[in-house]
Student: 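Okay, handing you the structure first.
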Amino acid sequence: DQQVKQNSPSLSVQEGRISILNCDYTNSMFDYFLWYKKYPAEGPTFLISISSIKDKNEDGRFTVFLNKSAKHLSLHIVPSQPGDSAVYFCAANLQGGSEKLVFGKGTKLTVNP
Amino acid sequence: EADIYQTPRYLVIGTGKKITLECSQTMGHDKMYWYQQDPGMELHLIHYSYGVNSTEKGDLSSESTVSRIRTEHFPLTLESARPSHTSQYLCASSDARILNEKLFFGSGTQLSVL
């Protein structure tokens with residue numbers, strides 16, 4: 001049973017526009033959330049994270065929003081650039097170490113020039 | 001920047017062969033991990049280690065084994081490869097001293113068993 005769900009396998013946006021990637025989770029005990037970005041034939045790289053005590057975290061063009069009541073988080077990329085084209089994984093953690101991290105299936109973002 | 005290395009990047013091998021996937025990190029991280037990932041699927045944790053001489057099984061059952069004799073080295077071994085082992089294998093490490101430590105991943109090994 002998937003605890004972290006990314007229901008959109010793919011997303012296509014125009015360069016300069018906003019990209020919104022969504023993630024839903026089922027376990028209300030999750031208290032820390034991360035986004036990783038993965039290029040083909042490469043390992044994931046950390047992008048941004050948010051603690052459950054916050055509802056927003058911003059880092060440059062990337063903003064993550066957390067809605068605990070809806071068990072939903074989203075990653076906003078503004079403005080989108082062709083180099084942002086990659087697979088984005090949402091991950092959630094219970095209190096404790098990263099061995100408890102649960103990943104979603106990822107969303108493939110394509111940013112068209 | 002992360003300094004974690006995996007070799008080989010790609011491996012095509014016949015059924016029944018023994019293989020070892022190498023992973024090394026130069027960051028001095030105590031914790032290391034092996035994940036398995038198929039296209040369009042989640043990353044699944046198959047092994048992890050808290051430090052030297054520590055190995056634990058992850059959430060996904062795997063026929064592979066791991067060892068941790070040195071802090072920087074965490075190899076994964078398949079005694080007899082099968083086509084069902086075809087997948088991407090990702091090694092990662094993290095600093096256990098940091099709350100909610102983030103994972104640093106290697107570039108992965110794409111394994112194809114014929």
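As the structure is a computational prediction, the values presented were derived from the model and not from experiment. First the proteins, then the strands, lettered A, B, ... as listed; each starts at 1. These numbers come from the heavy atoms of this one structure, side chains and all, not from hydrogens, waters or symmetry mates.
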Student: Go through the atoms of B:Gln110 and report whether side chain, backbone, both or neither lie under 4.5 Å from a heavy atom of chain A.
Tutor: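 Interface part for B:Gln110: neither.
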Student: Are B:Leu11 and B:Val113 linked, directly or through other ILVMFWY residues, by side chains that come within less than 4.5 angstrom of each other?
Tutor: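 B:Leu11 clusters together with B:Val113.
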Student: Rounded to the nearest 0.5 Å, what's the gap from NZ on A:Lys38 to CG on B:Leu43? Could you check?
Tutor: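 Between A:Lys38 NZ and B:Leu43 CG, I get 7.5 Å after rounding to 0.5 Å.
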Student: In terms of hydrophobic clusters joined by side-chain contacts under 4.5 Å, are A:Ile77 and A:Leu11 together?
Tutor: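 Yes; A:Leu11 is reachable from A:Ile77 via cluster members.
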Student: Testing the basics here: between B:Gln37 and A:Phe89, what is the closest heavy-atom pair and its distance to 0.1 Å?
Tutor: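 Of all heavy-atom pairs spanning B:Gln37 and A:Phe89, the closest is NE2-CZ, 3.4 Å.
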Student: Do any N or O atoms from the side chain of A:Tyr36 and from the backbone of B:Leu103 form a donor-acceptor pair under 3.5 angstrom?
Tutor: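 Present.
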Student: Would a single hydrophobic cluster contain both B:Phe105 and A:Tyr39, if residues Ile, Leu, Val, Met, Phe, Trp and Tyr are joined by side-chain heavy-atom contacts under 4.5 Å?
Tutor: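 No, separate clusters.
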Student: Over all heavy atoms of both residues, which pair between B:Arg9 and A:Glu42 is shortest? Give the atoms and the distance, please.
Tutor: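 That would be NH2-OE2, 3.6 Å.
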Student: Does the gap between the ring centers of B:Phe104 and A:Phe46 come in under 6.0 Å?
Tutor: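 No: the rings miss the under 6.0 Å criterion.
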Student: Quick check for you: to the nearest 0.5 Å, what is the distance between B:Met41 atom CE and A:Lys105 atom NZ?
Tutor: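 The CE atom of B:Met41 sits 4.0 Å away from the NZ atom of A:Lys105.
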Student: Is B:Ile69 atom CD1 crowded by more than 12 heavy atoms from other residues, nucleotides or ligands, each under 6.0 Å away?
Tutor: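 No.
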Student: Does atom NZ of A:Lys68 have more than 12 heavy-atom neighbours from other groups under 6.0 Å away?
Tutor: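 Above 12, so yes.
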Student: Mind listing the closest non-hydrogen atom pair of B:Tyr10 and A:Ala41 along with its distance?
Tutor: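 Scanning both residues completely, I find the closest heavy atoms to be OH-CB, 3.4 Å.
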Student: Taking all non-hydrogen atoms of both residues into account, name the closest pair between A:Pro44 and B:Leu90 and its distance.
Tutor: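 Shortest heavy-atom separation between A:Pro44 and B:Leu90 comes out as CD-CD1, 3.9 Å.
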Student: Quick check: are there more than 12 heavy atoms from other residues, nucleotides or ligands sitting under 6.0 Å from CZ of A:Arg61?
Tutor: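 Yes, enclosed.
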Student: Test of understanding: clusters of I, L, V, M, F, W, Y form through side-chain heavy atoms closer than 4.5 Å, transitively. Do A:Phe33 and A:Ile48 belong to the same one?
Tutor: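 Yes, because A:Phe33 and A:Ile48 connect within a single hydrophobic cluster, where side-chain heavy atoms sit under 4.5 Å apart.
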Student: Kindly compute the distance separating NZ (B:Lys102) from CG (A:Leu101), expressed to the nearest 0.5 Å.
Tutor: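 Output value for this atom pair is 13.5 Å.
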Student: Applying a strict under-4.5 Å side-chain criterion to I, L, V, M, F, W and Y, I'd like to know whether B:Ile19 and B:Leu76 cluster together.
Tutor: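 Yes.
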Student: Given heavy-atom pairs under 4.5 angstrom as the criterion, report whether the side chain, backbone, both or neither of A:Ala91 touches chain B.
Tutor: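 Contact with chain B involves no heavy atom of A:Ala91 at all.
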